[in-house]
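Worksheet for the structure shown next.
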Amino acid sequence: MSKKTQRKFILTGTLFLFFTVFTVMIAKVDVQPIGPKESAVGFASLNRLIFELFGVNLLWYHITDWLGVIAIIFAMGFAGLGLYQLVKRKSLFKVDPYLLLLGVYYILVVAIYVLFEYFVVNYRPIIMDKSLEASYPSSHTMIVICIMGTAMIVFHHLFAGKRVRLWILDSISSLLIGVTVAGRFISGVHWFTDIIGGIILSCVLIVLYKAMTSYLEEKQKHQPK
């Protein structure tokens with residue numbers, strides 16, 4: 001394994017440690033019952049200040065929901081491409097390893113989403129559907145960043161050298177991420193720390209995917225032809 005790939009794995013571990021520490025701090029630091037039904041929230045003073053400053057805007061909530069659907073369509077497109085390669089090449093080992101890893105990556109993202117639905121750190125600042133809902137980390141933020149962040153990596157693999165096409169795809173991906181993060185923040189359906197937690201966790205997963213693809217590329221180069 002090259003030093004460059006090793007650094008990516010080290011960065012993954014460092015970011016994961018940072019996310020873990022941040023999550024523990026949210027569960028322990030300045031915890032106050034400021035949420036609906038007196039639900040407890042960490043970094044309460046900061047979260048309450050920002051929530052009161054921006055309030056609630058459900059229009060942005062619905063806009064970001066649709067942006068999430070667009071991101072999922074991209075994910076389904078990659079899944080469809082992988083399935084097409086599997087059928088055409090008649091072997092799982094002949095499917096583009098970037099797409100195979102992406103399938104495993106999506107399963108990991110879904111598993112983490114389910115995990116935080118059961119192990120609740122805090123609840124939403126507003127009640128959306130008659131009951132309290134898990135809010136940390138912002139799963140919508142995480143899913144969109146994870147899908148579109150890795151999409152850019154895959155695009156650069158599939159369309160290497162095609163600068164105009166890559167510029168368009170990178171711009172679309174970046175726009176989806178930027179508007180989703182900003183829109184989810186403005187919508188008021190998450191605490192500020194929920195958004196930050198979602199961003200950090202997304203970075204962990206994207207860097208992990210990048211490290212794994214780099215490792216596979218190196219392994220393929222050293223295989224006998």
d(Leu67 CG, His62 NE2) to nearest 0.5 Å is 13.0 Å
With a 4.5 Å limit on heavy-atom distance, are the side chains of Phe116 and Pro137 in contact?
yes
Report the C-alpha separation of Phe192 and Phe51 in whole Å, then their side-chain angles, then the decisive distance to 0.1 Å, and conclude whether the side chain to side chain contact (heavy atoms under 4.5 Å, CB included) test is met.
CA-CA 8 Å; Phe192 175 68; Phe51 179 74; over 6 Å; no
Heavy-atom nearest pair, Thr141 first then Ser202, reads O-OG, 4.1 Å
For Val207, enumerate each residue passing the side chain to side chain contact (heavy atoms under 4.5 Å, CB included) test, keeping only those at least two apart in sequence or located in another chain.
Leu11, Thr12, Leu15
Shortest non-hydrogen separation from Ile206 to Ile145 and the atoms involved:
CD1-O, 3.4 Å
In this structure, OG of Ser139 is separated from CG of Leu115 (nearest 0.5 Å) by 12.0 Å
Side-chain heavy-atom pair Leu49, Leu53 within 4.5 angstrom cut-off:
no
Sub-4.5 Å side-chain heavy-atom contact between Ile172 and Phe155
no
With a cut-off of 3.5 Å and sequence neighbours excluded, list every side-chain donor-acceptor pair involving residues 193-200.
unit_1: Thr193; atom_1: OG1; unit_2: Asn47; atom_2: OD1; d: 3.4
unit_1: Thr193; atom_1: OG1; unit_2: Asn47; atom_2: ND2; d: 3.1
unit_1: Asp194; atom_1: OD2; unit_2: Ser135; atom_2: OG; d: 2.3
unit_1: Asp194; atom_1: OD2; unit_2: Trp191; atom_2: N; d: 2.8

Qualifying residues under side chain to side chain contact (heavy atoms under 4.5 Å, CB included), relative to Lys3, sequence neighbours excluded
Gln6, Arg7
I need the Leu205 CG to Lys210 NZ distance, nearest 0.5 Å.
16.0 Å
Quick one: which residue pairs count as a salt bridge (charged side-chain N to carboxylate O under 4.0 Å, His left out) with a foot in residues 59-71, not counting sequence neighbours?
Asp65-Arg184
Which residues pass the side chain to side chain contact (heavy atoms under 4.5 Å, CB included) test with Thr5, sequence neighbours left out?
Met1, Ser2, Phe9, Ser214, Tyr215, Glu218
Drop me the distance from Leu102's CG to Thr213's OG1, to the nearest 0.5 angstrom.
10.0 Å
Please name the residue in the list Gln85, Arg89, His157 that meets the side-chain hydrogen bond (donor to acceptor under 3.5 Å, both in side chains) test with Asp96.
His157
Side-chain donor-acceptor pairs under 3.5 Å in residues 26-43, sequence neighbours left out?
unit_1: Asp30; atom_1: OD1; unit_2: Gln32; atom_2: NE2; d: 2.7
unit_1: Asp30; atom_1: OD2; unit_2: Ala44; atom_2: N; d: 3.3
unit_1: Asp30; atom_1: OD2; unit_2: Ser45; atom_2: N; d: 2.9
unit_1: Asp30; atom_1: OD2; unit_2: Ser45; atom_2: OG; d: 3.0
unit_1: Gln32; atom_1: OE1; unit_2: Arg48; atom_2: NH2; d: 3.4
unit_1: Ser39; atom_1: OG; unit_2: Pro36; atom_2: O; d: 3.0

Same cluster or not: are Leu101 and Val110 linked, directly or through other Ile, Leu, Val, Met, Phe, Trp or Tyr residues, by side-chain heavy atoms under 4.5 angstrom apart?
yes
Any pair with a residue in residues 121-146 that passes ring pair (Phe, Tyr, Trp, His ring centres under 6.0 Å), sequence neighbours left out, goes on the list, sorted by first then second residue, please.
none
Flag side-chain contact, heavy atom, 4.5 Å: Thr23 against Leu201
no
From Asn122 atom CG to Leu132 atom CG, the distance as rounded to the nearest 0.5 Å:
10.5 Å
I'd like to know if Met152 and Val164 are part of one continuous hydrophobic network [Ile/Leu/Val/Met/Phe/Trp/Tyr, side-chain heavy atoms within less than 4.5 Å].
yes
Indicate the atoms forming the closest heavy-atom contact of Val144 with Gly68, along with that distance.
CG2-CA, 3.8 Å
Whether over 12 other heavy atoms sit under 6.0 Å from Tyr84 OH
no
Per the side chain to side chain donor-acceptor pair (under 3.5 Å) rule, what does the pair list look like for residues 159-181, sequence neighbours excluded?
His156-Asp170
Using side-chain heavy atoms (C-beta onward) and a distance below 4.5 Å, is Val104 in contact with Leu108?
no
Point-to-point distance, once rounded to the nearest 0.5 Å, from CZ of Phe74 to CG of Leu176
6.0 Å
Phe22: ring-ring contact (aromatic ring centres under 6.0 Å, His included) partners, not counting sequence neighbours:
none
Joint hydrophobic cluster, Ile177 plus Ile153, side-chain heavy atoms closer than 4.5 Å:
yes
Scan residues 97-113 for pairs that pass side chain to side chain donor-acceptor pair (under 3.5 Å), counting only residues two or more places apart or in two chains.
Tyr98-Glu217
Do other residues, nucleotides or ligands put more than 12 heavy atoms under 6.0 Å from Met76 CE?
no
With side chain to side chain contact (heavy atoms under 4.5 Å, CB included) as the test, would you mind laying out the steps for Tyr61 and Val56 before giving the verdict?
CA-CA 9 Å; Tyr61 171 77; Val56 178; over 6 Å; no
Are Val189 and Val179 connected in the hydrophobic side-chain network, where two residues link if heavy atoms are under 4.5 Å apart?
no
Side chain to side chain donor-acceptor pair (under 3.5 Å) with Tyr209: which residues, sequence neighbours excluded?
none
Which pairs pass salt bridge (charged side-chain N to carboxylate O under 4.0 Å, His left out) with one or both residues in residues 110-125, sequence neighbours excluded?
Arg124-Glu133
Would Ile50 and Phe185 count as a side chain to side chain contact (heavy atoms under 4.5 Å, CB included) here? Give the steps.
CA-CA 10 Å; Ile50 294 177; Phe185 174 68; 3.5 Å; yes
With side chain to side chain contact (heavy atoms under 4.5 Å, CB included) as the test, would you mind laying out the steps for Thr64 and Val181 before giving the verdict?
CA-CA 8 Å; Thr64 51; Val181 172; over 6 Å; no
Linking I/L/V/M/F/W/Y whenever any side-chain heavy atoms sit under 4.5 Å apart, do Met142 and Val21 land together?
yes
